[in-house]
2 protein chains.
Amino acid sequence: MADVKIQVNPLFLREEELRQALELLFFGYRDFTAEPDRLLAEKGFGRAHHRVIYFVGRHPGLAVSHLLGILKITKQSLSRVLGQLVEEGYISQRPGERDRRQRLLELTDKGRDLERQLTAAQTELVARAYRAAGAEAVEGFRTVLLGLINEKDRERFLDPGRGSFE
Amino acid sequence: MADVKIQVNPLFLREEELRQALELLFFGYRDFTAEPDRLLAEKGFGRAHHRVIYFVGRHPGLAVSHLLGILKITKQSLSRVLGQLVEEGYISQRPGERDRRQRLLELTDKGRDLERQLTAAQTELVARAYRAAGAEAVEGFRTVLLGLINEKDRERFLDPGRGSFE
DNA sequence: GTAGAAAAGTCAACATGGCTGACGTAAAAA
DNA sequence: TTTTTACGTCAGCCATGTTGACTTTTCTAC
């Protein structure tokens with residue numbers, strides 16, 4: 001009976017709370033990508049290049065099909081961006097040993113440089129937010145975000161042992 | 001002295017932890033927008049239309065310049081999208097009372113319908129993640145995301161009383 | 001009351017980065 | 001040997017961002 005008071009208009013609160021989450025994600029993501037976007041624009045690149053550079057840096061020797069799986073875009077879309085990065089010497093390709101049809105991707109020194117710049121801009125922002133929020137909040141942040149991710153990709157975070165993308 | 005042990009390779013852990021955050025944000029945001037994107041595509045709209053519909057729904061009577069401030073895009077970009085939404089009867093315009101130069105924006109019934117569909121898709125995803133994570137994690141999620149947002153916009157979340165965008 | 005600033009809109013041109021569809025080549029797998 | 005797979009390419013379309021220039025209406029300050 002005493003509980004009833006606490007439940008005053010729970011639908012409104014829930015709705016507000018959830019809408020706030022949508023906005024936090026919108027504004028948060030917008031600002032999260034703002035600084036890399038500026039750095040990339042200087043080099044004539046866009047956000048698509050960033051994603052490629054990031055994941056190739058994170059998984060050296062990544063095959064093209066794996067990268068397509070991560071990004072969930074078409075190979076034609078990827079090829080435009082990847083082609084530029086290879087041409088301009090940010091990414092190198094070599095045939096796979098076990099499967100020579102594959103072109104395994106790696107960052108060159110130049111690519112690694114750019115990757116570090118871009119990642120630094122974002123990690124610094126996140127590090128500030130993490131420090132300000134505290135360890136417990138960080139855990140909560142990770143838990144909730146993980147819950148937004150589709151199950152298949154989620155596994156890679158829960159089981160970081162096998163970092164592969166099929 | 002005893003602290004030293006705890007600090008074994010703190011740089012590596014920090015780097016990994018921060019990179020994980022970048023990826024959580026990337027995958028989380030990607031999946032967060034996936035369902036609305038599909039709904040919108042059916043109507044020939046895109047994510048830009050979603051943002052306009054969302055913020056007009058959230059702030060009925062919003063002026064165009066305020067919307068531009070929220071979205072941080074040019075008025076030419078907005079005008080294309082907004083023009084379609086007005087033309088197709090999702091959004092209505094009326095002159096401001098105090099300032100008749102303004103065109104205050106509001107959702108029509110049709111617009112409200114679509115807004116509800118889109119928001120429902122996202123709030124359901126977030127609600128699932130919130131339920132699975134628990135109240136404490138939700139607080140942490142909000143705190144960290146808030147920390148990613150630039151100070152000016154952040155105020156609007158901390159002080160929800162005045163929901164205006166100058 | 002007039003000058004200037006502000007709110008909104010418009011036209012034009014361009015870039016990025018998604019998409020589909022069709023087709024080609026080399027290598028692996030059946 | 002046939003079929004499938006990994007990768008690439010050409011061509012064209014669409015959505016959504018940009019800059020720059022210009023107009024109209026209305027408000028504000030002097």
Side-chain angles (χ1 to χ4, degrees), chain A residues 26 29-30 33-34 36-53 56 61-88 91-105 164-166, chain B residues 26 29-30 33-34 36-53 56 61-88 91-105 164-166:
Chain A
F26 169 69
Y29 198 75
R30 189 192 59 180
T33 55
D37 284 354
R38 282 205 299 103
L39 287 170
L40 289 155
E42 288 172 18
K43 298 203 156 47
F45 293 150
R47 207 174 285 183
H49 301 83
H50 186 185
R51 296 193 281 253
V52 170
I53 286 177
V56 171
L62 191 68
V64 171
S65 61
H66 294 172
L67 186 51
L68 287 172
I70 296 174
L71 300 176
K72 286 190 184 163
I73 59 175
T74 59
K75 70 177 167 176
Q76 295 91 328
S77 295
L78 173 59
S79 120
R80 197 164 26 198
V81 172
L82 182 55
Q84 287 174 287
L85 291 170
V86 169
E87 180 129 1
E88 299 186 30
I91 287 181
S92 64
Q93 295 172 309
R94 59 181 163 82
E97 283 186 18
R98 222 190 48 217
D99 184 340
R100 283 175 304 168
R101 288 172 305 180
Q102 297 180 321
R103 316 261 163 108
L104 306 184
L105 306 173
S164 101
F165 298 81
E166 24 1 287
Chain B
F26 170 67
Y29 198 76
R30 188 193 59 181
T33 54
D37 283 354
R38 282 205 300 103
L39 288 170
L40 290 155
E42 287 172 18
K43 297 202 155 48
F45 291 151
R47 207 175 285 182
H49 301 83
H50 186 185
R51 296 193 281 253
V52 171
I53 286 177
V56 171
L62 190 67
V64 171
S65 60
H66 293 173
L67 187 50
L68 287 172
I70 295 173
L71 300 176
K72 287 191 184 162
I73 58 174
T74 59
K75 71 178 165 176
Q76 294 93 328
S77 294
L78 174 59
S79 121
R80 195 163 29 199
V81 171
L82 182 55
Q84 286 172 287
L85 290 170
V86 170
E87 179 129 358
E88 298 183 31
I91 286 181
S92 65
Q93 296 173 306
R94 59 181 163 80
E97 284 185 16
R98 224 190 44 216
D99 183 341
R100 282 176 303 171
R101 290 172 303 180
Q102 296 181 322
R103 315 267 162 105
L104 305 184
L105 306 172
S164 100
F165 299 80
E166 6 20 279

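Predicted model only: the values in this text are computed from it and were never measured. Chain naming here is simple, since letters A, B, ... match the order of the sequence lines and numbering starts at 1 in each.
- Residue whose closest nucleotide on DNA chain D sits further toward the 5' end, between V81(B) and L68(A): L68(A).
- Between S65(B) and dA6(C) there is no side-chain polar atom (N or O) within less than 4.0 angstrom of OP1 or OP2.
- When each of A63(B) and L78(A) is assigned the nucleotide of DNA chain C bearing its nearest heavy atom, the one mapping closer to the 5' terminus is A63(B).
- Within the 4.0 angstrom heavy-atom criterion, only backbone atoms of the sugar-phosphate kind lie near Q93(A); the bases stay farther away.
- Remark: R38(B) engages E35(B) in a side-chain hydrogen bond (donor to acceptor under 3.5 Å, both in side chains) (not counting sequence neighbours).
- Rounded to an integer number of Å, the gap from I91(A) CD1 to dG8(D) C1' is 16 Å.
- At whole-Å resolution of the value, CG in L82(B) and P in dA7(C) are 16 Å apart.
- Judged by distance alone, with hydrogens and angles left aside, R47(A) brings no side-chain donor or acceptor close enough to the base of dG17(D) to form a pair under 3.5 Å.
- Distances shown here put a side-chain N or O of H49(B) below 4.0 Å from the OP1 or OP2 atom of dT16(D).
- Remark: P of dT16(C) and CG of L71(A) are 18 Å apart, rounded to the nearest angstrom.
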Result block: side-chain N/O donor-acceptor pairs under 3.5 angstrom for residues 72-79 of chain B, not counting sequence neighbours:
| residue | atom | partner | partner atom | Å |
| --- | --- | --- | --- | --- |
| T74(B) | OG1 | S77(B) | N | 3.3 |
| T74(B) | OG1 | S77(B) | OG | 3.1 |

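- dG17(D) atom P lies 11 Å from atom CG of L67(B), rounded to whole Å.
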Listing time: all N or O pairs from protein to nucleotides 22-24 of chain C that are below 3.5 Å?
none

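- Listed nucleotides: dG18(C), dG17(D), dT20(C). Nearest to the side chain of T74(A): dT20(C).
- Residues G61(B) and R94(B) share a closest heavy-atom pair of CA-NH2, 3.8 Å.
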Problem - Annotated protein contacts, base or backbone, on nucleotides 24-30 of chain D with a non-hydrogen cut-off under 4.0 Å, one of B, S, - each - result: -BBS---

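- For the atom pair L71(B) CG and L82(B) CG, the distance stands at 10.0 Å (nearest 0.5 Å).
- Listed here is the closest heavy atom pair of I70(A) and F26(B): O-CE2, 4.3 Å.
- Here the P atom of nucleotide dT9(D) and the CD atom of E87(A) are 10 Å apart, to the nearest Å.
- The side chain of R51(B) has dG17(D) as its nearest neighbour among dA7(C), dG18(C), dG17(D).
- The nucleotide whose nearest atom lies closest to any side-chain atom of S79(A) is, among dT16(D), dG18(C), dT9(D), dT9(D).
- The side chain of R80(A) has dC19(C) as its nearest neighbour among dC19(C), dA6(D), dT18(D).
- Heavy-atom nearest nucleotides on DNA chain C were determined for G44(A) and for K72(A), and the one closer to the 5' end corresponds to G44(A).
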Distance-only check: which donor-acceptor pairs under 3.5 Å involve side-chain atoms of residues 39-52 of chain B, not counting sequence neighbours?
| residue | atom | partner | partner atom | Å |
| --- | --- | --- | --- | --- |
| R47(B) | NE | D37(B) | OD1 | 3.3 |
| R47(B) | NE | D37(B) | OD2 | 3.4 |
| R47(B) | NH2 | T33(B) | OG1 | 3.2 |
| R47(B) | NH2 | D37(B) | OD2 | 2.7 |
| H49(B) | ND1 | G46(B) | N | 2.9 |
| H49(B) | NE2 | Q84(B) | OE1 | 3.0 |

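- A pairwise comparison of heavy atoms in L104(A) and G96(A) identifies CD1-CA, 3.7 Å as the closest pair.
- Regarding L105(A), its CG atom lies at a distance of 12 Å from the C1' atom of dA6(D), rounded to whole Å.
- Rounded to whole Å, atom C1' of dC7(D) lies 14 Å from atom CD1 of I73(A).
- Between D37(B) atom CG and dG18(C) atom C1' the separation is 11 Å, expressed in whole Å.
- When the C1' atoms of four end pairs are superposed on the next four at each end of the helix from dG1(C)-dC30(D) to dA30(C)-dT1(D), using five pairs per end, the two resulting axes differ in direction by 30°, to 10°.
- Rounding to the nearest 0.5 Å gives a distance of 12.5 Å between CD of Q93(A) and CD of Q102(A).
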